[in-house]
Amino acid sequence: MTLKGGAASVAIGLIAFCLVVAPVGGVAGVSTGGLAPAPASSVSQVATPTDAPTTSNNSTIQHANPDSASGSGDLSTIREWLSGRISETLIDCTEQTRVAERVACSRLDESYPEWASKYATVVQESGESGDSEETLAEFNKTRTQQRSYIEAVNDFRETKSKYERARESGNTSKARSLARDLVADAVAVNRTGGQLQGQYQQLTDRTSLDLDEGSQTIEAVVENTTETSEQIRELEFVETTLQISANRTTASFGSPTRLDGRLTTNESKAVANRAISVLVGEQRLRAQTDSEGRFDLVYRPTLLSLDSDRVRVAYQPARTSLYGRSETTVGLSVRQTNASVTVSRSDGTARYGEIVRFTGRVSAAGRDVANVPVRVSLGKRSRTVTTTANGTFSVPLPIPASLAVGTQTANAAVALTDRAISSAQNRTTVQIRSTETNLSLSATNVTNSAAQISGQLTTDSGQPVSSQQIQIRVGGTTVKTLSTDARGMIQSTIGLEEANGSVTVTAAYEPNGGNLEPSTDAVELTVPSGGHTGTGTPWWNEPTGFIAIVGLLAVLGTSGIVAAEALELLPTRILDLLSRKRDQKQSVSSEIAAAETEEITTTATEDATESDAVDAELAAVVEPQLARGATDEAVIATYETIRTKMTDSLGVEKSLTHWELLEQVRAEASEDVSAIFTELTSAYEQAAYAPEPVQRDRASEMLEVAQQVVDQTDQF
């Protein structure tokens with residue numbers, strides 16, 4: 001059987017058109033551009049070794065040409081070739097980083113993802129015990145870790161250049177400040193380099209890669225940065241010695257200890273008559289040295305673990321100080337003090353989208369407790385903040401659509417376990433009211449087989465409602481379920497092959513619970529005649545027609561799909577298949593697209609604002625992590641991005657702990673920025689140290705919180 005009438009000509013013409021205009025990378029299996037496993041049929045289509053660029057270190061790694069494999073596919077030959085290419089990319093990247101090439105590691109974002117994907121496919125096809133998804137995850141983790149290492153090395157070099165310029169210009173204060181940054185940057189190189197070496201070993205154990213050369217190069221870079229930072233530290237700072245003794249061996253928040261200390265240089269000369277900052281455990285305390293460098297202070301433990309038998313005490317000099325940092329420990333056990341928390345709400349009633357502010361205070365032993373985390377939750381939504389110096393907290397929570405109508409309980413809890421301050425909680429209630437919704441629907445480009453529909457879901461006050469499911473019905477039959485975007489919008493193509501004359505298309509919002517009321521809208525469509533040809537059986541449903549579609553699926557790239565949609569050359573059912581193929585390809589390449597976005601951002605025009613750059617950096621780094629469910633990594637990356645900008649803006653040391661930096665922000669930034677950064681810091685602590693991962697909703701909120709910092713301050 002052959003295709004009927006003009007259908008065959010259309011199919012053949014479209015195939016030819018797509019073969020001409022579709023990019024080579026669009027052919028199935030040849031270049032995915034993403035990080036998902038390649039289709040099984042693509043393994044034998046690996047590019048030949050001559051397609052790869054010449055390496056910069058004249059590597060002698062040998063590669064077998066996979067095209068010489070047998071017709072059935074010599075998987076071991078292909079695997080050997082891929083192993084060589086991936087190893088070469090990683091090793092060259094470490095070498096290029098070592099010699100400070102600014103274009104280092106381009107193949108890490110270009111060819112590496114495709115080679116890693118194909119390697120995982122080889123693992124799957126060879127029937128090995130190893131999991132292909134886990135193998136691909138190791139490749140992805142290695143690439144992420146390599147980027148962190150490159151960034152740390154580049155930061156060190158940039159700081160070193162700034163430091164050298166400051167010294168050359170005679171700016172002693174700035175040179176000292178940059179010297180402190182340089183020491184912190186060297187620590188970051190050491191940390192990320194060690195992590196990358198560990199990841200190399202993980203990858204080597206799982207695959208046939210040999211990355212010893214890369215590990216040796218990393219080791220050389222780490223040693224060099226450490227040596228350089230030590231030389232500069234010795235040049236810029238007078239080293240100090242801190243001595244501390246406690247008047248008791250056990251302390252609590254209600255029964256504090258007095259610490260007696262002395263600060264001297266390494267030559268035993270007193271650091272006399274100076275106001276100094278001393279870090280004791282989790283707290284920053286102020287003290288004044290006398291003529292012999294002696295001082296005393298009172299320490300009330302709050303976050304110190306009940307398992308602790310010693311506490312760290314450190315002298316933290318100002319950034320421009322002549323003196324270097326020093327620290328010691330003192331023996332101290334901890335007894336727990338019971339805490340209490342109060343909570344109240346700004347509004348007794350609320351409905352969807354409104355913000356209820358919860359405020360309260362934490363106290364223990366009759367005193368306010370500062371800098372302890374408090375988690376406020378309402379329904380499935382929660383946020384954690386840190387109490388201020390007078391023990392108070394304030395948490396704004398928007399009312400989500402999922403919260404049921406009626407009396408809902410909000411809980412405020414001191415989020416501590418086995419610490420010097422006990423956990424505590426209190427509750428208040430909020431009356432949730434229902435909200436009417438409006439759903440609009442329209443249709444365009446109506447043909448005998450399809451129509452474009454669009455709509456929007458809003459509240460009765462016009463507020464867009466996101467992430468809600470909308471059912472699309474044609475003639476009473478549900479054909480699609482769409483989710484509203486951030487603007488409450490829906491948009492799609494629906495099939496009308498079964499329609500005859502006119503048909504009613506309905507959009508229905510029917511929430512299952514929550515506080516939003518249902519709504520519907522409908523449009524009446526007049527369907528042009530001539531939907532079918534020949535015997536009445538659509539040609540794409542016949543065997544030969546289906547084979548033609550399979551051929552199209554094999555060759556259609558994004559250009560071909562767009563052309564087919566625009567020209568309406570294929571039925572809706574097939575266009576849906578092709579669109580899903582295109583969407584899948586876009587999804588698996590989202591991480592690469594994000595990286596490209598980051599590169600574009602860094603080369604943007606000179607009049608682009610700093611806040612735009614920060615927003616782009618957050619989107620490029622964090623959104624791909626959220627997309628793949630890496631919530632802890634997303635929160636940590638979000639915090640680190642804002643932390644970097646905040647430390648630069650405030651001119652504080654990069655070596656400050658997250659709580660120490662928070663104190664600086666509270667002292668110098670606006671109240672709104674301080675509150676937002678407090679929330680971000682609390683989320684970071686959970687992501688970095690808590691055993692349970694951060695929930696997806698909270699991780700997404702942290703990205704929004706970070707963008708609020710950018711929007712609400714001109715510090716960046």
Side-chain angles (χ1 to χ4, degrees), residues 253-254 302-303 306 336-435 511-516 635 671 674-676 678-683 685-687 690-702 704-705:
F253 183 82
T302 56
L303 302 180
L306 295 180
Q336 191 173 70
T337 301
N338 291 329
S340 63
V341 58
T342 63
V343 62
S344 60
R345 72 284 194 273
S346 59
D347 298 292
T349 62
R351 61 180 201 158
Y352 172 77
E354 294 180 346
I355 294 178
V356 179
R357 183 172 293 276
F358 298 91
T359 58
R361 184 185 299 271
V362 177
S363 60
R367 305 176 66 93
D368 297 329
V369 185
N371 297 325
V372 294
V374 176
R375 179 179 297 113
V376 178
S377 57
L378 178 63
K380 296 181 180 180
R381 179 159 293 182
S382 67
R383 287 187 176 178
T384 302
V385 297
T386 304
T387 56
T388 63
N390 61 0
T392 61
F393 63 88
S394 177
V395 178
L397 284 181
I399 302 302
S402 59
L403 202 60
V405 172
T407 302
Q408 295 294 331
T409 300
N411 186 68
V414 177
L416 294 175
T417 303
D418 297 330
R419 301 297 178 98
I421 292 294
S422 72
S423 61
Q425 62 179 352
N426 209 333
R427 298 177 178 179
T428 187
T429 60
V430 180
Q431 291 292 326
I432 305 301
R433 296 177 295 161
S434 64
T435 300
N512 183 18
N515 54 66
L516 295 178
V635 170
E671 182 177 349
S674 297
I676 293 172
T678 297
E679 184 174 351
L680 185 58
T681 302
S682 297
E685 183 173 68
Q686 178 185 348
E692 303 84 7
V694 177
Q695 295 296 315
R696 181 184 291 272
D697 287 348
R698 191 176 186 219
S700 299
E701 288 174 4
M702 288 307 101
E704 297 175 5
V705 164

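Start at 1 with the first residue, then count along the sequence.
Remark: Phe253 CZ to Ile421 CD1 distance equals 5.0 Å, nearest 0.5 Å. Interatomic distance, OG1 of Thr384 versus CG of Leu680, reported as 12.0 Å (0.5 Å rounding). One distance of note links CE of Met702 with OG1 of Thr681; it measures 10.0 Å at 0.5 Å rounding. A distance of 9.0 Å separates OG in Ser423 from CG in Asn338, rounded to the nearest 0.5 Å. Taking OG1 from Thr349 and CZ from Arg433, the interatomic distance works out to 4.5 Å, rounded to the nearest 0.5 Å.
Contacts classified as side chain to side chain donor-acceptor pair (under 3.5 Å) and involving residues 388-400 (residues at least two apart or in different chains) are given here: Arg357-Ser394, Thr388-Asn390, Thr388-Thr392, Asn390-Thr392. Here salt bridge (charged side-chain N to carboxylate O under 4.0 Å, His left out) pairs that include residues 341-356, with residues two or more places apart or in two chains, are Arg351-Asp460. Within the structure, the salt bridge (charged side-chain N to carboxylate O under 4.0 Å, His left out) test picks out the following pairs touching residues 369-382 (sequence neighbours left out): Arg381-Glu701.
A donor-acceptor contact shorter than 3.5 Å is absent between the side chain of Thr342 and the backbone of Gly360. Under a 3.5 Å cut-off, the side chain of Thr387 and the backbone N or O of Val372 do form a donor-acceptor pair. Checking side-chain atoms of Asp418 against main-chain N and O of Leu306 turns up no donor-acceptor pair under 3.5 Å.
Minimum interatomic distance between Ser422 and Val414 (heavy atoms only, all atoms of both residues): O-CG1, 3.8 Å. Looking at every heavy atom in both residues, Val362 comes nearest to Val341 through CG2-CG2, 4.0 Å. Pairing each heavy atom of Ala365 with each of Gly254, the nearest pair is CB-CA, 3.7 Å. Across every non-hydrogen atom of Ala412 and Val376, the tightest pair is CB-CG2, 4.2 Å. The minimum heavy-atom distance between Ala699 and Val694, with the atom names listed, is N-CG1, 3.8 Å. For the residue pair Ala364 and Ala339, the shortest heavy atom distance occurs at CB-CA, 4.1 Å.
With sequence neighbours excluded, the residues satisfying side-chain hydrogen bond (donor to acceptor under 3.5 Å, both in side chains) with Asn371 are Arg666. Annotation: salt bridge (Lys or Arg N to Asp or Glu O under 4.0 Å) contacts of Asp368 (sequence neighbours excluded): Arg361.
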Listed pairs under 3.5 Å, donor-acceptor, residues 398-408 side chains, sequence neighbours left out:
residue	atom	partner	partner atom	Å
Thr407	OG1	Gln431	OE1	3.3
Thr407	OG1	Gln431	NE2	2.3
Gln408	NE2	Ala404	O	3.2

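Here the side chains of Ser382 and Asn411 are not in contact, with every heavy-atom distance at 4.5 Å or above. A heavy-atom distance below 4.5 Å is found between the side chains of Ile432 and Val430.
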